[in-house]
Amino acid sequence: MTPPLIAVKAVNEGALAATVAQKPKDMGRISIETAKKIIANENVPASIPVALELVVKK
(Lines give C-alpha, C1' and ligand atoms only; values in the text may rest on other atoms or scores of the structure.)
Protein backbone atom coordinates (compact mmCIF):
# COMPACT_ATOMS: atom_id res chain seq x y z
CA MET A 1 0.00 0.00 0.00
CA THR A 2 1.31 3.46 -0.81
CA PRO A 3 1.39 6.36 1.63
CA PRO A 4 -1.09 9.21 1.15
CA LEU A 5 -0.25 11.00 -2.08
CA ILE A 6 -0.18 14.44 -0.44
CA ALA A 7 2.72 13.35 1.79
CA VAL A 8 4.59 11.78 -1.13
CA LYS A 9 4.06 14.92 -3.19
CA ALA A 10 5.39 17.06 -0.34
CA VAL A 11 8.48 14.86 -0.06
CA ASN A 12 9.12 14.97 -3.81
CA GLU A 13 8.69 18.77 -3.85
CA GLY A 14 11.11 19.17 -0.95
CA ALA A 15 8.52 20.44 1.54
CA LEU A 16 9.15 17.35 3.69
CA ALA A 17 12.44 15.52 4.07
CA ALA A 18 10.66 12.18 4.43
CA THR A 19 7.50 10.48 5.59
CA VAL A 20 6.70 7.06 6.99
CA ALA A 21 4.24 4.72 5.30
CA GLN A 22 2.42 2.28 7.56
CA LYS A 23 1.45 -1.16 6.32
CA PRO A 24 -2.27 -1.56 7.10
CA LYS A 25 -2.55 -4.96 5.37
CA ASP A 26 0.28 -6.31 7.54
CA MET A 27 -1.25 -4.72 10.63
CA GLY A 28 -4.61 -6.35 9.92
CA ARG A 29 -3.10 -9.75 9.12
CA ILE A 30 -0.97 -9.75 12.28
CA SER A 31 -3.96 -8.59 14.34
CA ILE A 32 -6.10 -11.49 13.12
CA GLU A 33 -3.27 -14.00 13.68
CA THR A 34 -2.80 -12.64 17.21
CA ALA A 35 -6.53 -12.73 17.96
CA LYS A 36 -6.65 -16.39 16.89
CA LYS A 37 -3.77 -17.16 19.25
CA ILE A 38 -5.53 -15.39 22.12
CA ILE A 39 -8.74 -17.32 21.45
CA ALA A 40 -6.70 -20.55 21.51
CA ASN A 41 -5.26 -19.52 24.91
CA GLU A 42 -1.76 -19.18 23.46
CA ASN A 43 0.67 -16.64 24.84
CA VAL A 44 1.25 -13.54 22.72
CA PRO A 45 3.77 -10.72 23.17
CA ALA A 46 2.55 -7.48 24.74
CA SER A 47 3.91 -5.53 21.79
CA ILE A 48 4.16 -6.70 18.18
CA PRO A 49 6.12 -4.46 15.79
CA VAL A 50 5.01 -4.07 12.18
CA ALA A 51 7.37 -3.01 9.42
CA LEU A 52 7.16 0.56 8.16
CA GLU A 53 8.43 2.12 4.93
CA LEU A 54 10.53 5.28 4.86
CA VAL A 55 9.57 7.42 1.87
CA VAL A 56 12.28 9.83 0.68
CA LYS A 57 12.69 12.03 -2.40
CA LYS A 58 13.39 10.00 -5.53
> Roughly how far apart are Ile48 CD1 and Asp26 CG, rounded to 0.5 Å?
Replying inline: 12.5 Å
>> Checking one residue: Val11. Which other hydrophobic residues are in its cluster under the side-chain 4.5 Å linking rule?
In response: Leu16
Cut-off 3.5 Å, no hydrogens considered: what does the side-chain donor-acceptor table look like for residues 33-41, sequence neighbours left out?
from	atom 1	to	atom 2	distance (Å)
Glu33	OE2	Arg29	NH1	3.4
Thr34	OG1	Ile30	O	2.7

> Does a side-chain heavy-atom distance below 4.5 Å link Gln22 with Leu52?
Replying inline: yes
>> Count I, L, V, M, F, W, Y as connected when their side-chain heavy atoms are under 4.5 Å apart, and connections chain through other members. Are Ile32 and Met27 then in the same cluster?
In response: no
